2 protein chains.
Amino acid sequence: MNFHEGKERFIQAWGALGSNWGVNRTMAQIHALLLIAPESLCAEDIMEELKISRGNANMNLRALMDWNLVYKELKPGERREFFVAEKDMWEVVKNIIIQRKKKELEPMLRVLDELSDVETGEPGAEEFIRLIKDVKLFASKADSTLDSLTKSDSNWFVGTFMKMIK
Amino acid sequence: MNFHEGKERFIQAWGALGSNWGVNRTMAQIHALLLIAPESLCAEDIMEELKISRGNANMNLRALMDWNLVYKELKPGERREFFVAEKDMWEVVKNIIIQRKKKELEPMLRVLDELSDVETGEPGAEEFIRLIKDVKLFASKADSTLDSLTKSDSNWFVGTFMKMIK
DNA sequence: TTTTATTTTCAGTAAGTTTTGAAAGAATAA
DNA sequence: TTATTCTTTCAAAACTTACTGAAAATAAAA
């Protein structure tokens with residue numbers, strides 16, 4: 001595969017994969033485009049490259065900035081805003097974990113907390129409380145594991161010394 | 001909160017949370033309903049309780065069976081099929097991890113494999129290859145970590161001896 | 001100040017996903 | 001065999017989410 005095809009394929013694939021990752025197509029495509037861009041890009045560049053509207057570009061760029069996956073870059077003498085992607089993959093992975101945990105795990109823990117004080121007594125209530133406790137055990141463990149992960153060094157996770165020799 | 005409210009809240013909350021978990025509302029609600037049901041339920045029971053159509057019930061029950069979260073139970077002398085949920089939470093968690101990995105991680109690894117042989121030489125190609133390698137490093141590590149997790153014992157993960165004293 | 005360049009917002013529309021319900025299919029009973 | 005009961009399928013409808021494009025807001029330049 002040649003370089004140009006590769007880049008094109010990466011953007012398309014990232015967009016398609018994004019939908020399976022709780023990220024919309026366009027947000028994932030913009031992220032991919034910025035990841036492979038050698039220079040920062042402005043809104044216009046992105047609109048043109050991905051054939052999307054200004055509104056769409058703007059909304060998804062802001063979402064990417066909320067996730068700390070993309071930063072604004074202000075060029076001296078330029079009125080327009082330029083955008084760069086966070087290139088450190090461990091930062092990217094950590095931020096994605098943080099956001100997904102917020103969306104997928106934390107609301108669940110809140111519900112389980114509410115449910116853990118149902119009245120005992122009625123037939124079946126004991127089993128119900130047991131179930132909630134079991135679910136909570138796993139959810140809390142997942143929560144604390146992901147917390148440590150996002151606070152750890154990339155080498156601990158991947159078991160390499162990549163960064164040091166870069 | 002009383003027992004009845006608790007059950008109702010659990011079903012509703014599970015449905016809402018499901019959408020953030022890549023599972024549709026109804027599939028998650030049926031799962032919740034079966035998890036708290038003391039006896040196996042038939043399609044009719046589920047349709048009535050959740051106020052959904054027969055087609056919807058049928059499709060989502062099949063999806064739950066594909067995920068190994070629900071089993072058919074055939075009662076002697078009964079023509080209808082009955083359904084029970086897998087009640088062992090570790091089994092539930094493992095199966096959900098397996099399915100989500102299949103949907104979210106494995107397609108990504110396939111794309112990265114394809115992309116890892118782009119031609120070198122053109123300006124920027126080196127950086128692109130470096131990026132793909134970095135992403136692959138994390139994706140592969142996540143893949144192997146989740147693989148071990150789904151093959152491990154629940155005690156190893158949650159650090160309790162829950163099962164033994166049950 | 002007014003003009004011009006750029007970003008942001010949001011109502012309307014388009015695209016994608018889930019649900020319904022009726023018809024077809026399958027299995028058992030009569 | 002035919003009738004009965006239950007399951008499965010799938011086209012159309014309902015719902016949900018994402019995108020567009022034009023208008024409003026903002027900010028720099030003249």
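Since this is a predicted model, take the numbers as computed values, not measurements. The chains referred to below are lettered A, B, ... by the order of the sequence lines, with proteins before strands, and numbering in each begins at 1.
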Between A:Asn56 and B:Val23, the residue closer to the 5' end of DNA chain C by nearest nucleotide is A:Asn56
Open item on the list: Could you check whether B:Glu127 pairs with B:Arg130 (Lys NZ or Arg NE/NH1/NH2 to Asp/Glu carboxylate O, under 4.0 Å)?
Closed with: no
Ranking D:dC6, C:dT20, C:dT4 by distance to the side chain of A:Arg79, first place goes to C:dT4
Rounded to whole Å, the CG-P distance (B:Leu74 to D:dC6) equals 14 Å
Next on the checklist: Over all strands shown, is B:Asn58 touching base, sugar-phosphate only, or nothing at heavy-atom distances under 4.0 angstrom?
Outcome noted: base
Taken to the nearest whole Å, CG/B:Asn60 to P/D:dT7 is 15 Å
Rounded to whole Å, the CZ-P distance (B:Arg25 to D:dT16) equals 8 Å
Looking at B:Glu114 and A:Arg9, is any side-chain nitrogen of the basic one under 4.0 Å from a carboxylate oxygen of the acidic one? yes
NZ/NE/NH1/NH2 to OD/OE distance under 4.0 Å, B:Arg54 and B:Glu44 = yes
Taking D:dC19, C:dG21, D:dT20 as options, the one with an atom nearest any side-chain atom of B:Ser53 is C:dG21
Rounded to whole Å, the CD1-P distance (A:Ile52 to C:dT13) equals 21 Å
From the candidates C:dT6, D:dC19, C:dA27, the one with an atom nearest any side-chain atom of A:Arg80 is C:dT6
Against the side chain of B:Glu81, the closest entry in C:dT20, C:dT7, D:dT7 is D:dT7
When rounded to whole Å, the CE to P distance for the pair A:Met59 and C:dT8 reads 12 Å
Q. Looking at the rings of B:Phe3 and A:Phe128, which for Trp means the six-membered one, are their centres under 6.0 Å apart?
A. yes
For C:dT19, does either OP1 or OP2 sit under 4.0 Å from a side-chain N or O belonging to B:Asn24?
-> yes
Given C:dT7, is OP1 or OP2 found less than 4.0 Å from the side-chain N or O atoms of A:Arg62? no
Between CG of B:Leu61 and P of D:dT9 the distance, given in whole Å, is 13 Å
query: Within less than 4.0 Å of OP1 or OP2 of C:dT19, is there a side-chain N or O belonging to B:Thr26?
result: yes
When rounded to whole Å, the CG to P distance for the pair A:Leu41 and C:dT6 reads 16 Å
### Query
Hey, does B:Trp21 have a side-chain heavy atom less than 4.5 Å from the side chain of B:Arg100?
yes
Rounded to whole Å, CE of A:Met47 lies from C1' of D:dG21 at a distance of 10 Å
